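In what follows, a single structure is set out as structure tokens and then discussed.
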Amino acid sequence: MTQNQHDLSWLKSAGIREVECLVADINGFPRGKAMPASSFAAGQELRLCRAVAIQTATGDWADYQFSGEGDPDMKLLPLYSTLKQVPWAGKPRALAVHDCEDLDGSPTPIASRNVLKGVLEKYAQHGWSPVVAPELEFYVFAPNLDPNDPFEAPDKRNGRREDGQQGFSLGGLNDLGAFWDEVYSALEMLGIVGDTFVHELGPSQYEINLIHGDALALADQTFLFKYALREVGFKHGLQVVFMAKPLAGQPGSSMHIHQSVVDAQGRNIFSTAEGQPSALFAHFIAGQQQLIPELMPLLCPHVNSYRRFAKHMAAPVNLSWGYDNRSVGIRIPRSSPIARRVENRIPGCDANPYLALAASLAAGLYGMQQQLQPGAEAVGTVFDQEGSGPELPRTLESALAAMRHSTRVRSLLGDEFVDAFVAVKEVELDSFLAEVTPWERRFLAALA
């Protein structure tokens with residue numbers, strides 16, 4: 001809807017001073033501009049340099065050829081359904097997620113939200129709509145003032161730091177009761193519908209599941225969810241961390257994605273009229289198996305992401321599939337025919353939600369379009385890759401090489417985006433490789 005179709009008078013009556021005009025950069029980090037509320041309500045045009053869409057985690061830039069020679073502008077188009085009051089602001093402020101459009105009126109192809117929209121348009125050509133539900137794991141730490149120091153859990157009510165023995169305990173949740181109270185209020189104000197939340201196995205590690213729904217809406221909610229948790233955490237003297245592996249020897253943080261697809265009548269195409277698994281269900285699984293190795297940088301986008309894949313640490317290191325089996329990369333939860341779905345357990349919580357959903361859904365779509373067949377169902381515990389089909393890249397460098405040369409990924413996501421994404425990640429990888437780590441100083445300094 002346009003600005004003229006919305007009543008924005010509440011901005012004035014609520015005393016809103018400015019509106020945060022947000023876009024997700026290529027890492028899913030919120031960037032944008034703050035606009036006076038009166039200007040926003042009047043529909044003032046807002047522009048941002050195109051390169052912001054592919055800003056690196058280090059704050060550096062890939063060559064301008066990947067964002068446009070001369071660093072051109074793009075227009076930001078507000079999504080009024082996301083316009084909400086900012087829960088954590090001291091002075092009344094609002095926020096809204098924005099789409100990115102080039103000055104010629106076409107969607108900016110390097111903008112993360114547009115990549116997901118492009119995949120969803122391919123589903124729509126078949127009369128299909130994906131339904132997704134992300135599960136987000138993360139750690140809540142005490143402030144980490146020196147990055148050379150490891151993260152530490154915050155003090156509990158008894159004055160001691162948690163040692164990782166609070167998995168699934170309610171006491172572990174209650175230790176941060178004031179923080180969680182404000183998180184719940186913030187999610188309600190932002191229109192984010194959460195399901196269960198639990199204390200996970202790591203020290204001060206938690207998980208919140210979001211209620212299943214439209215893929216684009218859930219990507220917006222996940223983007224705002226991560227923003228909200230960080231900001232509420234700061235108010236309580238806490239640091240919320242979405243790294244895939246923030247603590248050595250402890251469980252990593254994933255973003256499992258539950259996926260199903262419905263037709264125009266709202267019927268789950270993964271089930272037949274008789275309630276049995278459909279051929280499309282098998283094809284979707286096969287697409288996940290075959291294409292995820294070429295899409296890994298979108299699911300696991302950082303050097304740290306690959307530290308999560310450790311055997312017997314509740315993270316899959318394979319692309320096997322199986323029913324109710326948490327040792328496989330592609331899990332099929334036991335469910336009724338109407339709820340039949342595929343759980344992709346590969347993505348880390350450090351992934352950009354727009355790009356992770358785009359990658360996972362694109363893989364499934366490719367499998368259905370090509371009528372691929374999956375490997376045999378895995379039975380029992382599977383913690384190695386032997387016999388499990390295509391191998392997962394084990395480093396960001398190898399994952400980028402697979403993505404760069406994949407004609408299938410390029411056909412699904414577009415050459416301009418793939419080239420820009422790889423260029424950004426190579427800048428970040430070069431920055432990492434320029435660091436000398438404590439491990440190197442510890443073990444290599446004394447060698448002859």
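Since the model is a prediction, treat every value here as computed from it, not as a measurement.
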Can you establish whether the number of heavy atoms outside Glu188 located under 6.0 Å from its atom CD is more than 12?
-> no
Worked check of side-chain contact (heavy atoms from CB on, under 4.5 Å) between Phe421 and Met403 = CA-CA 10 Å; Phe421 182 89; Met403 181 176 174; 3.9 Å; yes
Just checking, is any N or O donor in the side chain of Glu137 or Ser253 under 3.5 Å from an acceptor N or O on the other one?
-> no
Derivation and outcome, ring-ring contact (aromatic ring centres under 6.0 Å, His included), residues Trp180 and Tyr206 = CA-CA 11 Å; Trp180 288 116; Tyr206 302 90; 5.0 Å; yes
Quick one: does Arg340's side chain have a donor or acceptor within less than 3.5 Å of a partner on Ile338's backbone?
-> no
Short side-chain to backbone donor-acceptor contact, Arg394 and Phe309, under 3.5 Å | yes
Polar contact flag, side-chain donor to acceptor under 3.5 angstrom, Tyr354-Asp220 | yes
Can you check side chain to side chain donor-acceptor pair (under 3.5 Å) on Ser305 and Asp350, steps first, answer last?
-> CA-CA 7 Å; Ser305 305; Asp350 55 344; 2.5 Å; yes
For Ala420 and Phe66, the nearest pair of non-hydrogen atoms, with its separation, is CB-O, 3.8 Å
Can you tell me if Tyr366 uses its side chain to pair, donor with acceptor, with the backbone of Ala286 under 3.5 Å?
-> no
Thr82 side chain vs Leu79 backbone, donor-acceptor pair below 3.5 Å | yes
Would Arg331 and Glu135 count as a salt bridge (charged side-chain N to carboxylate O under 4.0 Å, His left out) if you check the C-alpha gap in whole Å, the side-chain angles of each, and the deciding distance to 0.1 Å?
-> CA-CA 14 Å; Arg331 174 177 174 260; Glu135 299 177 346; 6.0 Å; no
Under 3.5 Å, is there a donor-acceptor pair between the side chain of Ser204 and the main chain of Val140?
-> yes
Considering all heavy atoms of both residues, which atom of Ala34 and which atom of Glu18 are nearest to each other, and what is their separation?
-> CB-CG, 4.2 Å
Listing, residues 232-242 side-chain donor-acceptor contacts under 3.5 Å, not counting sequence neighbours, or none:
residue, atom, partner, partner atom, Å
Lys235, NZ, Glu182, OE2, 2.8
His236, NE2, Glu182, OE1, 2.7
Gln239, OE1, Asn144, N, 3.0

Report yes or no: do His199 and Gln205 form a side-chain donor-acceptor pair below 3.5 Å?
-> no
For Thr222 and Pro353, indicate whether the former's side chain and the latter's backbone hold a donor-acceptor pair under 3.5 Å.
-> no
Qualifying residues under salt bridge (charged side-chain N to carboxylate O under 4.0 Å, His left out), relative to Arg307, sequence neighbours excluded | none
Is there a side-chain contact between Leu372 and Gln290, using heavy atoms and a 4.5 Å cut-off?
-> yes
Does Arg161 use its side chain to pair, donor to acceptor, with the backbone of Ala153 at less than 3.5 Å?
-> yes
Shortest non-hydrogen contact from Leu76 to Cys21?
-> CD1-O, 4.4 Å
Classify the side-chain pair Ser112/Asn352 by whether it contains a donor and acceptor separated by less than 3.5 Å.
-> yes
Pairing of Asp99 and Lys117 as salt bridge, 4.0 angstrom limit = yes
Do Val342 and Phe281 touch side chain to side chain, with heavy atoms closer than 4.5 Å?
-> yes
Under 3.5 Å donor-acceptor, Ser360 side chain and Leu357 backbone | no
Strictly by modelled atom types, are Asn27 and Asp25 linked by a side-chain donor-acceptor pair under 3.5 Å?
-> no
Result block: side-chain N/O donor-acceptor pairs under 3.5 angstrom for residues 209-218, not counting sequence neighbours:
residue, atom, partner, partner atom, Å
Asn209, ND2, Thr196, OG1, 3.2
Asp214, OD2, Leu216, N, 3.1
Asp214, OD2, Ala217, N, 2.9

ring-ring contact (aromatic ring centres under 6.0 Å, His included) against Tyr184, all qualifying residues, sequence neighbours excluded = Phe197
Flag the pair Arg410 and Asp419 as a salt bridge only when some basic side-chain nitrogen lies within less than 4.0 angstrom of an acidic carboxylate oxygen.
-> yes
Would you say the side-chain atoms of Asn268 and Ser260 include a donor-acceptor pair closer than 3.5 Å?
-> no
Heavy atoms only: give me the nearest Ala378-Val328 pair and the separation to one decimal.
-> CB-CG1, 3.9 Å
Are the side chain of Ser271 and the backbone of Gly275 linked by a donor-acceptor contact shorter than 3.5 Å?
-> no
Electrostatic pair Arg334-Asp324, nearest N-O below 4.0 angstrom = no
Do Gln288 and Gln259 meet the criterion of a side-chain donor-acceptor pair at a distance under 3.5 Å?
-> yes
Side chains of Gln55 and Ile26: closer than 4.5 Å at any heavy-atom pair?
-> no
When you measure from the side chain of Ser185 to the backbone N and O of Asp181, does any donor-acceptor pair fall under 3.5 Å?
-> yes
is_close_aromatic(Phe284, Phe270), centroid dist under 6.0 Å = yes
What donor-acceptor contacts under 3.5 angstrom involve side-chain atoms of residues 83-98, with partners at least two apart or in another chain?
residue, atom, partner, partner atom, Å
Arg93, NE, Glu20, OE2, 2.8
Arg93, NH2, Glu20, OE2, 3.0
His98, ND1, Ala96, O, 2.9

Excluding sequence neighbours, so at least two apart, what forms salt bridge (charged side-chain N to carboxylate O under 4.0 Å, His left out) with Lys226?
-> none
